Amino acid sequence: MTSTFSFSTPQVHATVTTTINNHNHHHRHHLQIKRKPHKNLHFLFIPTPNPLPFTSTTHSYPHNHHLLSDSTNDNFFIENSLNSITEHEEDLSSPSRPGIFIPEPIWISSFFLKNWLKKTNTEFSLQFKEIEKGKYNSLRRRQIKEETEAWERMVEEYKELEKGMREKHLAPHLPHVKSLLLGWFEPLKEAVEAEQKEHRMRSKKKQGSIAPCVDSLPAAKIAVIVMHKMMCLMMENESGGCVQLVHAAVQIGMAIEQEVRIHEFLEKNKRHKSKKAEAGTEDSTDNDKEKLRDRINGLIKRKRLKEVQMVLKKEESSPWGRPTQAKLGSRLIELLINTAYVHPPVNQCSDTPPDIRPAFKHGFKAVSRNPRQKIPRNYGVIQCDPSVLAGIDKCAKHMLIPYMPMLIPPKKWKGYDKGGHLFLPSYIMRTHGSRKQQDLMKNVDGTQMQKVFEALDILGNTKWRINRRLLDVVESVWAAGGNIAGLVDCKDVPIPDKPFVEDLKQIQEWKCSVRKAKKINRERHSQRCDTELKLSVARKMKDEECFYYPHNLDFRGRAYPMHPHLNHLGSDLCRGLLEFSEGRPLGKSGLRWLKIHLANVYAGGIEKLSYDGRLGFVENHIRDIFDSADNPINGNRWWLMAEDPFQCLAACINLSEALRSSSPSSVVSHLPIHQDGSCNGLQHYAALGRDNLEAAAVNLVANEKPADVYTEIAVRVHDIMTRDSNKDPATYPNALLAKVLIDQIDRKLVKQTVMTSVYGVTFIGAREQIKRRLQEKGLITDERLLFTASCYAAKVTLAALGEVFEAARGIMGWLGDCAKVIAYDNQAVRWTTPLGLPVVQPYCKTQRHLIKTSLQVLALQREGNAISVKKQRSAFPPNFVHSLDSSHMMMTALACSDAGLRFAGLNSPMK
């Protein structure tokens, strides 16, 4: 192997080091260049796999030599030097090796060295490209397998476990949920096979609408999809192992349809390859596929693109639709209910009959869709057995998680359904079944959307990796029971025992406390499942050099990663676990920005200090930062005091590495540095209204110290409550509430309400936000007092907002009035964003569509033709600002890409 050196002119006492990784070779060469007087003899040393194009003498040379230069004449000679070649040098490990020594004239060494360097540099570049190409192809094959063979691998795993169980006559030692799934697999598979056989035996007239769908996949694969989808739905739901039947049925139907499309595509490819192999050298023009390909190519050459689209549409299978998905899903759920049972408990007495119960059961439950619905409706639900629910929060690693981060860059976006994942269905917009949005996106001109496509590609091409040091800390905290650093407690709240007394008041209080404890436990269960899903993804991706998040849009244009669990838009845990795969040296200003970033994620008011104030805060806590980085679990744990503890810890680790380095500016950092907007929605309203006062409140006007709109609103709320508390409670009942709340008013209490006010938050939404903050403080324990206090605080906060942002309120009202005029004409409000994305509000009056399934009659909601005037009016102002904000973010992504910067956009939660 020949190594290359990158330099233009030899420098005195410079050392050039190159490291070349090529398969099993790892070479490190050192080139020292020193000044020597002209009287020395000049030589050129070249390792010679190939002869040089001139006459020379070949000698043997010892290995402890460096190649040196006369810096005046650009010539090289050999100087004795120990340890010049590393022990890893395999090609030079023999006692001697042929080398070429060329005496005077001096110019030869410079001439041939430059040619040799140029040649070897080209060879190395080609070699490097070959290695990268091979690596990419390997990752691409893995990605294709992940997208197309995931369910197949699950099927094979269950079959192998069953085979081993039969051979050994012994149940394998598996986790609780995994053993349940294994027990359900064979009976459910047999039930699906029987269903498929029954449908085949019927005549076409008697076959139901789901007959082709049931028969389109192997029974084993259908069984695995149904089991895993149902368990995932139970994990994601907060209602304690209960999910609405219509939702579960549609989700399972969609999963089956998605797998059918992949299965059909792969089967077509297999058939095509086998036919081609059978045909051999014979003419294969009679093949239908070849004819179709020739026809399409001919139309493309003649630029008859509309005809091409028509041909392809005929070849494509039409989507199943919600009714078919719901019917199929409902029937498969029924088969699962009939075949899935839970094992009897281990501690059951041997003399009693085994306690065998269905794992799932179908029933009806009163559900309120929204807080305003006074009379709840009965909905069909699927309820899982408590023993299934007991271990479900620890089974995430056994679940198949769809739309995992990609191992290679996503496909570039070129249309509505062209881009993102290689085989998994990927759509540029999340339309949620809205025909208006789908038609709009399918028919929009591609050139109009070019900037949107580019921005999504930039976001999708950002390389990420798992921060392993932080993952180890998270695993330790989680294994110890959580309940710190924002992680949920792994233990449930104990259910209060029923009092022995028959006092009616005490019984009511006990029932209330039981309901509260059960609600807390349901929430904790849901949060534990969510944490396990995030950690499961982190564990799977931790050994990957890099991975990617394909992005798509909601109908307003906000960009989101398609993977739902572990992404950079998530919680502090997610953002702490993720870092850029491509590191950059900190440079001169990088260390300063790293310190500012640490102060920002520590927060607690520190992020509102001037830059110098934030830098001073970090300097004053250097010992705490080092202790947090060195001993995060058993040290002083200063990082736990931060508002974003895991992001703070990641910054402590990175900063400590830099400060301990002899050259902090050269330390490579992978940490994303946040640049956060000051309530983006209010910034856009201030810009639209050209209002200087509002602009200053949200930092659109330069200031030495950043303004804090949340603190300003909190101060106004406190002032209003101070005035109210001095009033007579007899004539002004809120005076008592003001006295209760006056010491609890702070920035955090009002922040979410202020942030969401310009995005259409209602009074009920504001009340719930403030209620949650008051619950976190824990100073008000009485439920009724908590509710009335939240109502009062929400009312005062919204009034204070109206005082500060009067111009923004005026613009919101005007936009709402415009939408009202448009909607009264039964037209949906439409507009085009600055980047060319067409937006249409999907709010229509829905129509109920009843379908009869094997379990019950399901009511599916369909998009009607009549426009909902109320929703169109109330939603337009926030949706319009969302679209501006998303355009701003995508324009920033484009600008960062032009400047050679890696960019990841964070859409703050607005609901």
Side-chain angles (χ1 to χ4, degrees), residues 1-6 17-29 49 86 88-91 119-150 152-153 262 266 269 401-414 419-424 426 454 456-469 471 537-551 561-563 566-568 577-585 668-672 897 900-904:
M1 163 65 75
T2 304
S3 60
T4 62
F5 307 97
S6 299
T17 304
T18 61
T19 304
I20 304 170
N21 291 295
N22 181 12
H23 303 294
N24 298 322
H25 299 290
H26 183 77
H27 296 176
R28 189 179 295 273
H29 290 223
T86 66
H88 300 289
E89 178 67 307
E90 296 174 8
D91 291 344
K119 182 182 176 183
T120 51
N121 209 13
T122 304
E123 289 174 357
F124 175 71
S125 178
L126 291 172
Q127 209 167 34
F128 180 76
K129 285 179 180 177
E130 285 298 317
I131 293 168
E132 287 297 305
K133 185 179 178 182
K135 186 178 175 182
Y136 173 83
N137 288 336
S138 174
L139 289 171
R140 181 180 170 81
R141 284 192 292 271
R142 282 181 59 198
Q143 181 63 36
I144 291 171
K145 284 186 176 181
E146 284 293 325
E147 294 188 25
T148 60
E149 299 178 15
E152 195 66 45
R153 286 200 305 272
I262 294 172
L266 295 175
N269 273 1
I401 301 172
Y403 291 91
M404 285 285 286
M406 293 182 68
L407 302 174
I408 59 173
K411 286 195 300 184
K412 289 187 176 182
W413 285 106
K414 294 180 180 178
H421 287 271
L422 303 181
F423 287 92
L424 292 175
S426 303
E454 288 177 18
L456 288 175
D457 292 338
I458 289 166
L459 295 174
N461 284 329
T462 299
K463 296 181 181 179
W464 295 92
R465 73 178 190 184
I466 297 297
N467 187 331
R468 293 189 192 179
R469 284 187 64 179
L471 178 59
V537 176
R539 290 166 192 143
K540 287 178 182 177
M541 307 304 295
K542 71 175 182 179
D543 295 323
E544 302 295 343
E545 184 181 329
C546 67
F547 50 85
Y548 305 82
Y549 287 109
H551 282 61
M562 295 175 71
H563 172 74
L566 183 71
N567 62 60
H568 54 282
L577 286 172
L578 292 171
E579 61 182 9
F580 290 135
S581 177
E582 293 181 337
R584 297 285 176 90
V668 175
S669 175
H670 295 262
L671 203 67
S897 178
L901 299 173
R902 286 293 175 191
F903 178 84

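All values below were derived from every heavy atom in this structure, side-chain atoms included, with hydrogens, water molecules and symmetry-related copies excluded. In what follows, residues are counted from 1 in the order of the sequence shown. Owing to the predicted nature of the structure, the values given are computational and were not obtained by experimental measurement.
Side chain of Ser581 to main chain of Phe547: no donor-acceptor pair is present (N/O by atom type, distance under 3.5 Å, no hydrogens or angles). A side-chain donor-acceptor contact under 3.5 Å links His551 to the backbone of Tyr549. The closest donor-acceptor contact from the side chain of Gln143 to the backbone of Leu407 lies under 3.5 Å.
Note on ring orientation: taking the six-membered ring where Trp is involved, the planes of His568 and Trp464 are parallel (angle under 30°, cut-offs 30° and 60°).
The nearest pair of heavy atoms linking His563 to Tyr403 is ND1-O, 3.0 Å. Between Gly420 and Pro550, the shortest heavy-atom contact is CA-CB, 4.2 Å. What you find for Ala904 and Leu459 is that their closest heavy atoms are CA-CD2, 4.5 Å. Minimum heavy-atom separation, Glu579 to Ile466: OE2-O, 4.1 Å. The nearest pair of heavy atoms linking Pro409 to Tyr136 is CD-CE1, 4.2 Å. Ala538 approaches Leu471 most closely through the heavy-atom pair CB-CD1, 4.0 Å.
Counted within 6.0 Å of CD on Glu132, heavy atoms from surrounding residues, nucleotides or ligands total more than 12; the atom is thus considered enclosed.
Atom CD1 of Ile144 is separated from atom CD1 of Ile262 by 11.5 Å, given to the nearest 0.5 angstrom. Taken from CG in Asp457 to NZ in Lys414, the straight-line distance is 9.5 Å, to the nearest 0.5 Å. Atom NZ of Lys542 sits about 12.5 Å away from atom CG of Asn467, to the nearest 0.5 Å. From Lys463, atom NZ reaches atom NE2 of His670 across 12.0 Å, with rounding to the nearest 0.5 Å. Rounded to the nearest 0.5 angstrom, Asn461 CG and Leu456 CG are separated by 11.0 Å. Annotation: the span from Ser138 atom OG to Lys133 atom NZ amounts to 14.0 Å, rounded to 0.5 Å.
No side-chain heavy atom of Phe903 sits less than 4.5 Å from a side-chain heavy atom of Thr462.
Between Glu146 and the options Arg153, Lys540, Arg140, a salt bridge (Lys or Arg N to Asp or Glu O under 4.0 Å) holds for only Arg153. Of the candidates Arg142, Arg465, Arg468, Glu544 forms a salt bridge (Lys or Arg N to Asp or Glu O under 4.0 Å) with just one, namely Arg142.
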